[in-house]
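The figures that follow rest on heavy atoms only: side chains count, while hydrogens, waters and symmetry mates do not. In this text, all values refer to a predicted model and were calculated from it rather than measured experimentally.
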Amino acid sequence: MKYRLAYGVIFSAALGCSFSVNSKTSISEPQPSQAALENLGQQIFFDTRLSEPQGQSCASCHNPQHAYAHKNVSVSPGATPRLLGKRNAPSLSYSSLTPAWHFNNEDETWIGGFFVDGRALTLEEQALGPLLDPLEMALPSKVILAQRIKSGPYAKVLESLYGTELWKDSDNVATLIAKSLVAFQSSDSFTPRFTSKYDAYLRGKTQLTPQETRGLQLYEAEDKGNCAACHQSQIGENGEWPLFTDFSYDNLGLPKNPELAFLKASVEHNPLGENFVDRGLADNPNILDSLAQLGKFKVPTLRNITVTGPYMHNSLFSDLTEAVEFYNSRDIEEKWSTPEIAENVNKDELGDLKLTSQEVEDIVVFLGTLTDGWSQ
């Protein structure tokens with residue numbers, strides 16, 4: 001079985017945008033406590049004033065009731081309704097455990113990074129990015145962000161932590177906002193991680209049902225589902241709890257999703273119309289081998305997968321069984337359309353798994369054991 005991720009270096013990060021964060025601040029000592037940062041980050045995460053027009057918060061697209069994904073929405077609408085995104089909003093629940101961005105020479109794949117194309121390298125970039133992205137919360141500048149924060153209910157909290165001089169530099173304010181969001185997204189209060197039935201099973205606290213057990217066996221079998229090749233399911237050599245992703249990038253051979261509103265947007269916002277092609281990792285500014293990365297997107301965690309649909313970066317599948325069936329029969333069933341990008345398609349680990357309908361169902365039932373918050 002191929003395991004692409006060395007778990008040696010794990011750092012706090014999340015799925016972010018390519019906006020830089022100023023790491024040099026004029027903040028006076030002492031630095032605030034972690035608890036104070038987490039509390040401030042939580043207030044910012046749910047603040048609907050931090051968009052233009054106002055009304056959208058981070059939680060608008062990353063709902064805590066759905067593992068911080070946007071359940072049943074193909075593409076999350078931005079604060080400006082006429083501007084449309086082209087990708088599904090992924091879950092943030094385990095994003096703070098993303099490894100540092102690097103190239104794995106052995107398997108010739110990029111690892112880590114944030115957003116499905118890895119264009120943000122740190123959790124700070126992810127946290128700040130959507131606030132300034134015109135397709136998301138659409139604040140026009142860090143200056144406006146600082147003004148909104150200063151006029152808000154937690155401005156006094158910031159001043160108590162950093163002093164009243166902080167408002168003189170909007171870059172510093174943005175850095176503090178990102179730092180607070182990172183603290184919240186990395187905290188135990190953000191989400192109850194590693195609390196699924198499967199986690200209880202690994203701890204010896206419960207047993208899987210016969211069907212769940214069959215599903216796990218199929219999931220891990222190299223000659224069957226082979227899911228664990230990219231979505232590791234066992235405790236690591238050094239006791240690392242399985243994250244159900246190796247954080248690598250793959251072209252699954254997905255067809256274009258013709259139902260995406262972005263493809264039907266006005267010429268002003270999508271000049272290519274239905275001819276638009278999402279190049280994925282190939283457009284990441286942090287790589288030099290763009291041709292080799294065409295059509296590749298980051299392997300997502302399968303934790304909480306049953307509550308975070310629709311599935312795939314382009315929301316192609318609303319049903320989890322259909323998504324698993326795509327892995328099973330992509331190369332043999334005519335019902336699957338031509339890949340959006342034919343280069344670099346992974347033909348070694350999926351496409352003709354020869355799973356029966358019952359085996360597909362068993363795998364889906366096992367995936368249901370990965371939802372956090374389980375109680376016996």
Side-chain angles (χ1 to χ4, degrees), residues 1-7 15 69 86-88 90-91 94-95 97-120 219-222 224-233 242-257 277-284 286-303 305 308-317 320 322-332 336-353 355 363 367:
M1 184 178 296
K2 178 170 67 175
Y3 287 90
R4 295 175 179 160
L5 177 64
Y7 280 95
L15 305 135
K86 57 183 180 290
R87 294 172 180 164
N88 186 10
S91 168
Y94 288 83
S95 57
L97 302 179
T98 300
W101 171 260
H102 67 282
F103 189 77
N104 184 319
N105 289 300
E106 181 180 354
D107 294 311
E108 299 184 340
T109 181
W110 289 96
I111 301 290
F114 304 96
F115 293 125
V116 295
D117 60 6
R119 65 188 182 273
Y219 179 100
E220 295 182 331
E222 293 182 61
K224 285 302 224 178
N226 199 30
C227 312
C230 298
H231 302 277
Q232 291 91 336
S233 54
L243 295 174
F244 284 84
T245 173
D246 60 6
F247 298 97
S248 66
Y249 292 79
D250 256 328
N251 182 354
L252 302 180
L254 287 171
K256 185 176 293 189
N257 182 358
V277 173
D278 194 342
R279 291 161 42 94
L281 185 58
D283 287 333
N284 185 318
N286 305 303
I287 66 171
L288 299 176
D289 55 342
S290 59
L291 291 180
Q293 308 308 327
L294 275 169
K296 294 184 180 181
F297 293 87
K298 188 165 69 173
V299 174
T301 178
L302 297 185
R303 286 185 170 275
I305 191 70
T308 56
Y311 307 105
M312 309 304 179
H313 71 274
N314 62 358
S315 303
L316 185 64
F317 305 120
L320 186 55
E322 186 179 21
V324 175
E325 180 56 37
F326 174 80
Y327 280 78
N328 180 40
S329 62
R330 179 198 64 194
D331 298 343
I332 59 173
W336 307 119
S337 303
T338 303
E340 182 172 15
I341 295 180
E343 295 88 347
N344 308 313
V345 171
N346 184 342
K347 297 183 178 179
D348 297 327
E349 296 168 320
L350 69 151
D352 184 10
L353 303 180
L355 298 172
I363 290 175
L367 293 175

Colleague: I need the single residue from Met312, His231, His313 that forms a side chain to side chain contact (heavy atoms under 4.5 Å, CB included) with Pro300. Which is it?
Modeller: His231

Colleague: Decide yes or no on ring-ring contact (aromatic ring centres under 6.0 Å, His included) for Tyr249 and Trp110, but give the supporting numbers first.
Modeller: CA-CA 6 Å; Tyr249 292 79; Trp110 289 96; 8.5 Å; no

Colleague: Got Glu108 and Phe103 here, is their nearest side-chain heavy-atom distance under 4.5 Å?
Modeller: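 Yes, their side chains come closer than 4.5 Å.
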
Colleague: Return yes if a side-chain donor-acceptor contact under 3.5 Å exists between Asp289 and Gln293, otherwise no.
Modeller: yes

Colleague: When you look at Leu294 and Asn251, which way does the side-chain contact (heavy atoms from CB on, under 4.5 Å) test go after all the steps?
Modeller: CA-CA 8 Å; Leu294 275 169; Asn251 182 354; over 6 Å; no

Colleague: Taking the side chain as every heavy atom from C-beta outward, state whether Leu353 and Lys224 have any pair of such atoms under 4.5 Å apart.
Modeller: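 SC-SC contact between Leu353 and Lys224 ruled out.
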
Colleague: Looking only at heavy atoms, which two atoms of Pro255 and Leu316 are closest? And how far apart?
Modeller: CD-CD2, 3.6 Å

Colleague: Below 4.5 Å, heavy atoms only, C-beta onward: do Arg279 and Glu340 meet side chain to side chain?
Modeller: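 Arg279 vs Glu340: side chains apart.
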
Colleague: Do Leu243 and Leu97 have side-chain heavy atoms sitting under 4.5 Å apart?
Modeller: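 Yes, their side chains come closer than 4.5 Å.
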
Colleague: Would you say that Glu349 contacts Cys230 through its side chain, given a criterion of any heavy-atom pair below 4.5 Å between the two side chains?
Modeller: yes

Colleague: Rounded to the nearest 0.5 Å, what separates atom OG in Ser248 from atom CG in Asp107?
Modeller: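 Here the interatomic distance stands at 8.0 Å.
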
Colleague: Hey, does Trp101 have a side-chain heavy atom less than 4.5 Å from the side chain of Asn286?
Modeller: yes

Colleague: Check Thr308 against Ser91 and note the closest heavy-atom contact, atom names and distance.
Modeller: CG2-CB, 4.2 Å

Colleague: Does any non-hydrogen side-chain atom of Ile111 lie less than 4.5 Å from one of Pro99?
Modeller: yes

Colleague: Please name the residue in the list Leu367, Leu302, Ile305, Val299 that meets the side chain to side chain contact (heavy atoms under 4.5 Å, CB included) test with Phe244.
Modeller: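 Among Leu367, Leu302, Ile305, Val299, the one meeting side chain to side chain contact (heavy atoms under 4.5 Å, CB included) with Phe244 is Leu302.
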
Colleague: Report the residues that fulfil ring pair (Phe, Tyr, Trp, His ring centres under 6.0 Å) with Phe326, sequence neighbours left out, ordered by chain and then residue number.
Modeller: Phe317, Trp336

Colleague: Rounded at 0.5 Å granularity, tell me how far CG in Asp250 sits from NZ in Lys298.
Modeller: 13.5 Å

Colleague: Is Asp278 salt-bridged to Arg87, going by a charged N under 4.0 Å from an acidic O?
Modeller: yes

Colleague: Do Val277 and Ile341 come within less than 4.5 Å of each other through their side chains, counting heavy atoms only?
Modeller: yes

